[in-house]
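Letters A, B, ... mirror the listed sequences (proteins, then strands); counts begin at 1.
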Amino acid sequence: MPPALKSPLMNLKAQLKAAVENAAFQLGAPLDVAIQETPPNKPGDYGTPAAFQLAKLLGQNPAQVAAQLAQTVVLPAGIARAVAAGPFLNFFVDAGAFVRAVVSDPATPEQGSGKVVIEHTSVNPNKELHVGHVRNVVLGDSMGRIFRAAGHEVEIQNYIDDTGRQAAESLYAQAHYRRKWDGKQKYDHFMGEGYVRLNADPDKPELESGIRAVIHRLETGELRSEIEQIVKAHLETCFRLGARYDLLNWESDVVGSGFLSQAMNILENSSYTARPLEGKFAGALVMDVSAFMPGLEESKVVLMRSDGTAMYAAKDIGYQFWKFGLFEGMKFKPFTTDPEGRTVWTSAPDGQPDTERRFGHAAEVINVIDSRQEHPQKIVKASLGVAGSPGQEERSIHLSYAFVTFEGQTISGRKGIGVSADAVIDEAGQLVTELMHSLKPEVIGTSEGAEIVRRIAVGAIRFAMLKAEPTRQIDFRWDQALALQGDTAPYVQYAAVRAGNILKRAQAEGYAVDGSGADWGSITDLDLNLAKVVARFPEVVANSVRVHSPHVVAQYALDLASAFNGWYNAKNKEGRPATNVLASEPGLREARLALVGRLQRAFVQTLGLIGIEVPSAM
RNA sequence: GCACCCGUAGCUCAGUUGGAUAGAGUGUUGGCCUCCGAAGCCAAAGGUCAUAGGUUCGAGUCCUAUCGGGUGCACCA
């Protein structure tokens, strides 16, 4: 028995597929057939090009085969009739039954299994986040929400490079220039100013020994609380963007927990690694990745230098191995709480061992890192193959995105080129507030108004960063990033608010919005077409998971909103509103109210997948 | 030089495992608040899907080459 979790709508397509395959088998050829929505202006609701394949196998004319299929196919419940449209075989659904099914269907995606660890953000703790980081944060956060919705256990990790040069330079600059924090400026911005000043300082080369001393002190952990203060400021920004985390992993802890040496032990047992006694790699530990990464000029990668120190890639490999549960040994403790009061954990030398195996142990690992790190990420992935774990190599995913430029320039933290994430969020809030002054002045200044502004502003930013494929290069421009009309989150939010308003008015009038009293037989094609868009939801989630990209969901949100707006404004031949819900005949009115309620839930659900909330009013 | 990503309307982008007449937004022009809110809707105009071959009944989608843009190719992090 197919599980109840599975959507009845997914079942409809699956049943059509089975029915057509059955009919094809009877006509003499087993096939794998595709079921798709028919284009507008074509007869039917769903259709299949199966007759093309079948005709080829049978040596007949596709149009004739389609006609034979239409005769032969046994229609599943909910399908009114089948017709041959030239070489295509199309199906008409029973409109009333279909809309009713959509309305009562929670549209639960198929339940995935296996824990997914997603690493994102991982911003150097030396300076505030800029717009490029925002893309990373919202990509990773949205991916987490989507996998969770698809039934996976999800753990969001944020890697803190606390022993790196960037962090050291910021700390050094603060001391060197005797900068005093006034307690009011956001701390990461304050530290970033010192960093930029240091890198513009002509005397910097002479300060090298001092910086190296700070790096050393970072490695011993004695400056950890300084870094924690910056990390907390970073989290503030990320929380504003709606991102949430389960665990912070510190580089010093990855090394301190012995992951590096354990990973190297595993790799050294492989025939792909060697310690050459002579040649240019004499004394180093090298890994031959040519079997996993064809086409390289230099197939050997140095993991441990001949002086015994680790290359960065080696630390990354150790961390990745741990994510997959190849070894244990890290200690954890609570770090802070997120806006909902949930604990964000951190690795820590003075933490508790993870006896419950609550962190790591992933079935799949997704690293959200910009495309410039493709090469090192491939090495990390290949190392799992070297370690003899081809399955984990396969499920080691680099979610690669093109870095964001700022008005055509490469963003540079060092040179201070770019815009901070905080500034973008503030500016978006300003813009939304201005618009609200003219459209909704009564809520300005109230706590509800502030929440409305926040949801719209954050929605607009997140959506702008998500709607295109991650591989697209984005040049940040204020007018595009903060647009409130067109292909934007506010457009979708507006549709959702509208749907909500219809429901409120209906309830005030005393009408049922749960489908009771509905006359499903009076449903029109306009209503059916709207319901068909809602019905796509499970496939959208599945597709997003498959391609590892939230843009699929963002595009679907636009489809939902434009379908709803088009339906809302539809006119009949006389130019009068064709779908006015409250003015519809009793029976049809209740059916449409149930449909509007379903749309409202679809908006909340879909936007929720990409971390965008529906405001109470707009 | 080698590898990877991108090339679709003036601009920014979608385009399901290859299927029906390539779709949105934006900008331009023109319409729609006596009708559940106009951050909305409708219409017009705008395309050699970079170019040339190939595979296929069928290619924006797959393969090859070329051109253009981006990125990466350290005993750096």
Between B/rU71 (C1') and A/Arg135 (CZ): distance, integer Å: 13 Å
RNA chain B stem ranges, 3 or more consecutive Watson-Crick or G-U pairs under 3.5 angstrom: B:1-7 with B:67-73, B:10-13 with B:23-26, B:28-32 with B:40-44, B:50-54 with B:62-66
Donor-acceptor side-chain pairing of A/Asn126 and A/Glu169 below 3.5 angstrom: no
Qualifying residue for side chain to side chain donor-acceptor pair (under 3.5 Å) with A/Ser400, from A/His548, A/Gln373, A/Gln377, A/Glu374: A/Glu374
Donor-acceptor pair (no angle test) under 3.5 Å: A/Ser306 side chain, B/rC75 base: yes
Touch class at under 4.0 angstrom, heavy-atom based, for A/Thr48 against every strand present: nothing
Short side-chain N/O contact from A/Arg305 to OP1 or OP2 of B/rA77, under 4.0 Å: yes
Sugar-phosphate only, base, or nothing, as touched by A/Ala34 at under 4.0 Å among non-hydrogen atoms: base
Interatomic distance where NE2 belongs to A/His375 and P belongs to B/rC2 [whole Å]: 17 Å
A/Arg372 charged N/C atom sitting above A/Phe403 aromatic ring, 6.0 Å / 45°: yes
Test side-chain contact (heavy atoms from CB on, under 4.5 Å) applied to A/Met311 and A/Met304, step by step: CA-CA 6 Å; A/Met311 293 286 286; A/Met304 302 295 283; over 6 Å; no
Distance in angstrom units between A/Met311 CE and B/rC73 P, rounded: 11 Å
Nucleotide B/rC13, atom P - distance to CG of A/Leu466 in whole Å: 14 Å
Listed nucleotide nearest any side-chain atom of A/Ala85, set B/rU71, B/rA20, B/rC75: B/rA20
Minimum-distance nucleotide (side-chain atoms of A/Gln36 versus B/rA20, B/rC75, B/rC6): B/rA20
Selection from B/rG19, B/rA20, B/rA14 that lies nearest to any side-chain heavy atom of A/Gln555: B/rA14
Whether A/Phe476 and A/Trp478 hold their rings parallel, tilted or perpendicular, with breakpoints at 30° and 60°: perpendicular
Lys/Arg cation over aromatic A/Tyr511: A/Arg589, 6.0 Å, 45° cone: yes
A/Phe52 aromatic ring stacked with six-membered ring of B/rG19, 5.5 Å and 30°: yes
Interatomic distance, A/Arg414 CZ vs B/rA77 P [rounded to whole Å]: 14 Å
Nucleotide B/rC4, atom P - distance to OH of A/Tyr401 in whole Å: 22 Å
Geometric class of the A/Tyr159/A/Tyr319 ring pair [parallel <30°, tilted 30-60°, perpendicular >60°]: parallel
From B/rC6, B/rG69, B/rC75, nucleotide with atom closest to A/Val302 side chain: B/rC75
Pair A/Glu21 + A/Lys17: basic N to acidic O under 4.0 Å: yes
Basic-acidic side-chain contact under 4.0 Å: A/Lys532, A/Asp45: yes
Touch class at under 4.0 angstrom, heavy-atom based, for A/Glu469 against every strand present: sugar-phosphate
Given B/rU12, B/rA20, B/rG15, the nucleotide with the shortest approach to the side chain of A/Gln480: B/rU12
Residue closer to the 5' end of RNA chain B, A/Gln166 versus A/Asn90 (nearest nucleotide): A/Asn90
Between P of B/rC13 and CG of A/Asp487, the distance in whole Å: 12 Å
Touch class at under 4.0 angstrom, heavy-atom based, for A/Arg472 against every strand present: base
Nearest-angstrom distance from the residue atom CD of A/Glu208 to C1' of B/rA77: 13 Å
Minimum-distance nucleotide (side-chain atoms of A/Phe403 versus B/rG70, B/rC13, B/rG40): B/rG70
Per-nucleotide protein contact string for nucleotides 28-39 of chain B (B base, S sugar-phosphate only, - none; heavy atom under 4.0 Å): -------BBBSB
Residues A/Asn249 and A/Glu119: side-chain donor-acceptor under 3.5 angstrom: no
Lys NZ or Arg CZ of A/Arg498 over A/Tyr568 ring: under 6.0 Å, within 45°: yes
Comparing A/Asp161 and A/Pro49 on RNA chain B - which has the more 5′ nearest nucleotide: A/Pro49
